[in-house]
Amino acid sequence: MIKRNGKKIAAIAIAGTLMMQNMNNIFAMENSVENVEKENIEVLSSVSTENKEKTNETVDLELLTFNDLHGQIDETKYGGGIANLSGALKDLQKEAKENNKNVLTMSAGDQVGGSPAISALLQDQPTLEMMEEMNVDIVTTGNHEYDEGLEELERLIIGGTHSSGLNWNGTSYEWITANVIAKKDMTFAGRKVKAGEPIMEPYTVREIDGVNVGIIGIVTKDTAGKVVPDGIKDVEFTDEAQAINKYTQELKSKGIKTIIVLSHVPTKSTTDGVLLDVDGDSDLYEISQKVDGEVDVIIGADNHTYANSVVKREGKDDIIITQAYSKGSNIGKIDLSIDKTTGDVVKSSAEILTVKSGLVSEDPVVAKMVEKLRLDVKDKLERVIGTSQDDILKSEVSTNAESEMGRFVADSQLWAAQTKDKDIKISFMNIGGVRADLLKGNVTYENAYSIQPFGNDLTKFTLSGAQIKKVLEQQNINDWFVARQNGENGSLAYALQVGGFTYEWHAEQVDGKWMMKVDKMYLNDENKTEIEDTDKIKCVANIFLAQGGDGFTTFTETSFEVIMNDLDAFEQYITELSKKDNNGDGTIGLNKVDVVKNPNMINLDQNFDGIVDEPQEKPEEKPEEDKDETPDSGEEKPEEDKDETPDSGEEKPEEDKDETSDSDSDKEDDNTVNSPQTGEASVVSYSVLGIIAAAVLSLINRRKIK
């Protein structure tokens with residue numbers, strides 16, 4: 001292990017120091033990111049730690065990691081595409097061996113699921129096959145590996161025939177996950193598993209030049225709320241830290257002192273290496289404080305962002321924690337120097353590398369695999385199903401917590417459900433199930449599939465008005481609300497998008513967390529009929545929500561009936577609306593709903609100060625003779641001052657787009673870019689007073705930075 005010579009290093013600074021550090025970060029962030037991109041394009045960041053004492057002969061081990069690939073085979077907006085990812089990995093593997101380093105290449109979960117059509121149409125088998133070509137050694141499961149239940153996960157691991165007739169030979173790399181526990185005796189992936197045991201091997205041991213190294217696999221315990229419950233009813237997702245500690249003790253009993261955790265658990269750090277507490281106890285900061293001191297490295301995933309940090313713990317050794325964004329855009333490179341006699345790590349370092357076309361050479365073998373695959377599915381993918389007059393974006397565009405694409409999908413499901421039952425009044429859609437934007441022009445089947453890739457059933461059911469309010473108040477808005485207080489867009493990983501009705505809400509603090517409180521709900525009918533607690537309303541939602549996904553347990557208080565497939569509904573909606581003039585401008589094709597001017601979700605606290613805004617008084621009308629003589633100008637304020645004009649056509653920078661939840665819901669913040677995510681940088685444009693106010697609010701209202 002990395003010895004600190006008895007020196008104790010505090011993990012958390014006092015509040016005053018923390019405030020000053022945060023203020024300095026705010027002022028420095030914009031410049032630091034710019035320098036990373038201009039001066040060190042290939043290496044985004046580097047951290048290291050070292051024992052000051054002399055060591056004996058050492059063994060060098062290099063870990064190459066990626067996470068949350070999500071079947072991104074030929075997409076280049078997220079990075080260099082899978083051929084470039086493979087090329088970069090092979091170059092690094094070759095370089096390490098030339099320098100007499102041992103190499104392990106690992107994937108930290110969500111290899112599959114939420115994928116574009118080119119991979120998903122074939123059950124993501126092409127992605128798993130290309131990972132074989134990348135020389136991947138070890139993977140852990142992410143929440144998306146459980147999207148279609150244990151039976152399909154087992155088939156992907158060991159091979160078999162899908163219900164569609166698709167055959168698969170399985171994979172040769174090792175799958176490890178320690179905290180997915182069988183509730184009953186079963187056979188999984190060729191192993192007999194007793195109740196109470198992990199369904200997969202919890203860890204693997206690799207011998208590196210005579211030194212044994214242990215790698216433990218972990219998936220976020222929140223997986224249980226991120227996938228359709230029926231598919232995982234026979235397993236339990238247990239506490240991550242407890243599982244790590246259990247198998248660390250087992251490894252230590254075998255004399256193993258170099259221990260790596262390959263996790264699909266969220267984490268995030270600032271560009272200067274400060275690890276953040278991002279999500280309560282299912283978060284690598286919290287876990288790092290609980291796990292055994294023999295753990296040297298934890299690799300994170302799930303929230304699709306950047307982490308590269310040395311976490312210092314009082315009385316324990318340091319831990320390196322990394323996460324390399326997502327979708328093949330980046331690679332984590334971790335170098336360990338291990339004492340050959342003691343088996344301890346004596347020196348370690350970590351870098352996050354970019355994968356961009358032009359910076360790396362693509363793997364010609366994988367490039368040919370992609371080309372062949374695209375030709376095989378070309379006709380199906382390129383089939384035109386409609387046309388759009390607008391870009392319709394899934395990123396949050398209003399202060400009400402509403403997304404253009406989220407609203408579009410919710411409306412599509414309501415429209416389709418009403419073709420089956422005209423009495424259905426409202427729809428709910430989880431934002432994590434909305435996977436992509438829709439750009440103006442022809443809409444292909446591939447576009448539709450990329451937005452709705454899960455193939456979920458749509459269900460109808462009846463809720464009382466009181467239950468609808470209860471559902472809405474189960475939305476997790478805390479992190480989003482705090483981000484808004486700090487001048488950032490934030491992420492709505494567990495928000496609902498709705499169709500057919502409007503509701504007014506405000507935020508209240510309960511036990512230190514911001515919770516949604518619903519003030520009023522009314523149907524979007526001619527009379528704006530208010531929804532009373534005793535009303536019975538027919539609803540539609542996908543089966544993921546109907547079974548209580550994303551923590552919306554109120555949906556399980558009623559029974560549901562399956563009515564159709566969500567992708568079929570979406571395709572039909574696109575096709576039908578593409579034939580119409582939907583906004584009265586004389587052109588046919590899809591149009592986005594202006595969710596700023598016509599919201600279904602109305603936040604009564606636009607200042608994000610925890611106080612419901614006073615109603616705006618109408619300005620006193622000028623006498624007729626004083627009125628502006630150019631009433632047709634339509635000029636409310638100068639165009640350059642407008643802040644919420646979705647029709648301006650100005651797209652946010654890629655790094656600012658909200659690419660929320662990635663399960664049906666996992667936290668796809670998709671801050672999937674090639675430089676560290678720095679929402680803080682936007683705060684620089686505020687006045688000094690504004691920054692200080694934001695920092696004070698942050699210290700009072702948000703989980704503090706650890």
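All figures in this text were calculated on a predicted structure; none of them were measured in a lab. Any value given below was found using the heavy atoms of this structure, including those in side chains, with hydrogens, waters and symmetry copies removed.
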Donor-acceptor pair, distance only, cut-off 3.5 Å: does the side chain of T575 make one with the backbone of Q572? no
Roughly how far, to the nearest 0.5 Å, is NZ of K268 from CG of L284? 14.0 Å
For the side chain of D390 and the backbone of I392, is there at least one donor-acceptor N/O pair under 3.5 Å apart? no
For S263 and E240, does a side-chain donor sit closer than 3.5 Å to a side-chain acceptor? no
Polar side chain donor-acceptor pair, N542 to Q413, under 3.5 angstrom: no
Judged by atom type as modelled, is there a donor-acceptor pair below 3.5 Å linking the side chain of Q418 to the main-chain atoms of I424? yes
Quick check: does any side chain N or O of S450 sit under 3.5 Å from a backbone N or O of P116, one acting as donor and the other as acceptor? no
Shortest non-hydrogen pair, D613 vs N607, comes out as OD1-ND2, 3.3 Å
Heavy-atom closest pair (G433 atom, F454 atom, distance to 0.1 Å) is CA-CE1, 3.9 Å
Smallest heavy-atom separation, W514 atom then G610 atom, equals CH2-CA, 3.6 Å
Quick one: does any side-chain atom of S427 pair with a main-chain N or O of G499 as donor and acceptor, under 3.5 Å? yes
Please walk me through it: do F544 and F552 pass side-chain contact (heavy atoms from CB on, under 4.5 Å)? CA-CA 10 Å; F544 169 72; F552 292 103; over 6 Å; no
Apply the test side-chain hydrogen bond (donor to acceptor under 3.5 Å, both in side chains) to residues Q111 and T127: give CA-CA distance (whole Å), side-chain angles for both, the deciding distance (0.1 Å), then the verdict. CA-CA 7 Å; Q111 293 80 217; T127 297; over 6 Å; no
Return the orientation label for the H70 and H144 ring planes: parallel under 30°, perpendicular over 60°, tilted otherwise. perpendicular
Quick check on K538: does its NZ atom have over 12 non-hydrogen neighbours (other residues, nucleotides or ligands) under 6.0 Å away? yes
Using a 4.5 Å cut-off on heavy atoms from C-beta on, say whether the side chain of T270 contacts that of L276. yes
Would you say the side chain of R435 lies within less than 4.5 Å of the side chain of I451, judging by non-hydrogen atoms? no
Flag for S115-D124: side-chain donor and acceptor within less than 3.5 Å: yes
Minimum heavy-atom separation for N430 and L545, please, with both atom names. N-CD1, 3.6 Å
Checking D222 against N143: is there a side-chain donor and acceptor pair closer than 3.5 Å? no
Residues passing the salt bridge (charged side-chain N to carboxylate O under 4.0 Å, His left out) test with D411, sequence neighbours excluded, are R407
Distance-only, no hydrogens or angles: does the N447 side chain make a donor-acceptor pair with backbone N or O of T444 under 3.5 Å? yes
Salt bridge between D535 and K425, side-chain N to carboxylate O under 4.0 Å? no
Between S403 and Q497, does any side-chain donor sit less than 3.5 Å from a side-chain acceptor? no
When you check the side-chain N and O atoms of N67 and H264, is any donor under 3.5 Å from an acceptor? no
Just checking, is any N or O donor in the side chain of Q547 or D230 under 3.5 Å from an acceptor N or O on the other one? yes
Would you confirm whether Q323, through its side chain, and H304, through its main-chain N or O, come within 3.5 Å as a donor-acceptor pair? yes
Using a strict 4.0 Å threshold on nitrogen-to-oxygen distance, state whether D391 and K592 make a salt bridge. no
What are the two closest non-hydrogen atoms of D68 and A301, and how far apart are they? OD2-CB, 3.4 Å
Considering residues at least two apart in sequence or located in another chain, which fulfil the ring-ring contact (aromatic ring centres under 6.0 Å, His included) criterion with F560? none
Would you tell me whether Q606 and T399 have side-chain atoms, one donor and one acceptor, within less than 3.5 Å of each other? yes
Measure from the ring center of F237 to the ring center of Y146 and say whether it is less than 6.0 Å. yes
What closest approach, in Å, do S398 and V596 show between heavy atoms, and which atom pair accounts for it? CB-CG2, 4.0 Å
